[in-house]
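Below, each value reflects all heavy atoms present in this structure, side chains not excepted, and no hydrogens, waters or symmetry copies. Predicted model only: the values in this text are computed from it and were never measured. Chain identifiers are assigned alphabetically (A, B, ...) following the order of the sequence lines, protein sequences preceding nucleic acid strands; residue numbering begins at 1 within each chain.
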There are 2 protein chains.
Amino acid sequence: MALAHANPADAESGRERILHRAAELFLARGYAETSLRTIADAAEMRPASIYYHFESKDHLLTEILDRGIDGVMTAFDEAEKRVEGVTDGRTRLNAHVAGHMHALFANQVFTAAHITIFPFIPDTVRARAVPQRDEYEARWTELLEGIATQLPKQAVAYIRLSLFGAMNSSLHWFDPANGTVDKLAAAIVATLWNGIESHQ
Amino acid sequence: MALAHANPADAESGRERILHRAAELFLARGYAETSLRTIADAAEMRPASIYYHFESKDHLLTEILDRGIDGVMTAFDEAEKRVEGVTDGRTRLNAHVAGHMHALFANQVFTAAHITIFPFIPDTVRARAVPQRDEYEARWTELLEGIATQLPKQAVAYIRLSLFGAMNSSLHWFDPANGTVDKLAAAIVATLWNGIESHQ
DNA sequence: GTCTATACCTTGATAGAC
DNA sequence: GTCTATCAAGGTATAGAC
């Protein structure tokens, strides 16, 4: 019987190590700014070894983007299960915002990397990811239109985009060490739900 | 007497041409993704000529970032003048959001470039820009605390960050050809001010 | 599945003529 | 103020041994 690994990272296969370290580096420094030599260093192997697992740097990026989308898609489905049958709009919204934020901060570095570097990746790779992103957006559109039934769809679209801006920009300033992700999610929902007006 | 230039861009000095084309390219593709050869092409000169005007690529970037901050600082001051003496919070907020959005979309490509590429520039350049950004943030903190006087400062900080996320993320999806910047600003303020609750 | 060694290209930057 | 010519470094990627 094999010994358990003290550090879970040791248990990762070479391929998984490359994916995780690359995603971390892309998130921290960007795609073009991160060389395969740097990724190989972080994954504790030689640059050439990466090419056993991935056809090119772009293919490595593609898989990271795919996993990133999978992360939020799964989070959305799980949040939906958690509020199945719930009719209160704010409760439903809160569950989904919390799910998205946990995917960003707690679960998957792939999701954080995807959202952060997306505007600056090669055109071909970005084009491939667009349909998946559209599908995720569509789920949110449906959710929000079901909650704010009195609003015109155009207004809901602005709300959705504002909400995405608020959620995703937190990657640049929120530190999970200084507050729980759930509290951050609740604060974002409170801003969107109450507005400033009611607190003047 | 010199002839007037048909295209205002023709009137730009070599130095200005470099700055504008570089900012446009950094905004569209990112800093590391844009080579000095590409910039030189766009500015209709040879790569070596750039070094007559700028010590290095990082120095060129630094000036673009500085101009970007100047753009929103000036916009903030002008918005403040426009609502001098006005006490209604929403009117004051609307003026400043519109000012920020105009700086992003209508006035200065430098501001848009600054905000977009900031997370992915070399550490040394980024560190130099932080105090200027902090000063701009501080003006918004003061503005928002003066408007939402009943809220704890922590809540105002979340609102400020949500608002910045909403405003700046519009760079990635708003097309000025499909709507005026003023309407976009009004929609963002409406989302923040009314919340969803009042429209259910 | 990982290695050594290396090819080939693009990059930021410099020297010096005009 | 812009050019031609060029360099050294670092980039992605490949060949082939182990």
Look at B:E63 together with B:R67 and state whether they make a salt bridge at an N to O cut-off of under 4.0 Å. yes

For residues B:F164 and A:W173, establish whether the separation of their ring centroids is below 6.0 Å. no

Measure the distance from CD1 on B:I50 to P on D:dT4 and round it to the nearest whole Å. 14 Å

Aromatic rings B:H96 and B:F76: how do their planes relate, parallel, tilted or perpendicular, breaks at 30° and 60°? tilted

Non-hydrogen side-chain atoms of B:I39 and B:I18 separated by less than 4.5 Å: yes

Would you mind building the protein contact string for nucleotides 8-13 of chain D? One character per nucleotide, 5' to 3', B for base within reach (heavy atoms under 4.0 Å), S for sugar-phosphate only, - for untouched. ---BBB

Contact span of DNA chain C against chain B, any nucleotide atom under 4.0 Å from a heavy atom, 5' to 3', runs C:dT11 to C:dA15

For A:D66 and A:H114, test the side chains for any donor-to-acceptor distance below 3.5 angstrom and give the result as yes or no. no

Check: B:F118 ring centroid to A:H172 ring centroid under 6.0 Å: no

Pair B:F174 + B:F105: ring centers closer than 6.0 Å: yes

Looking at side-chain heavy atoms only, is the closest gap between B:V189 and B:L163 below 4.5 Å? no

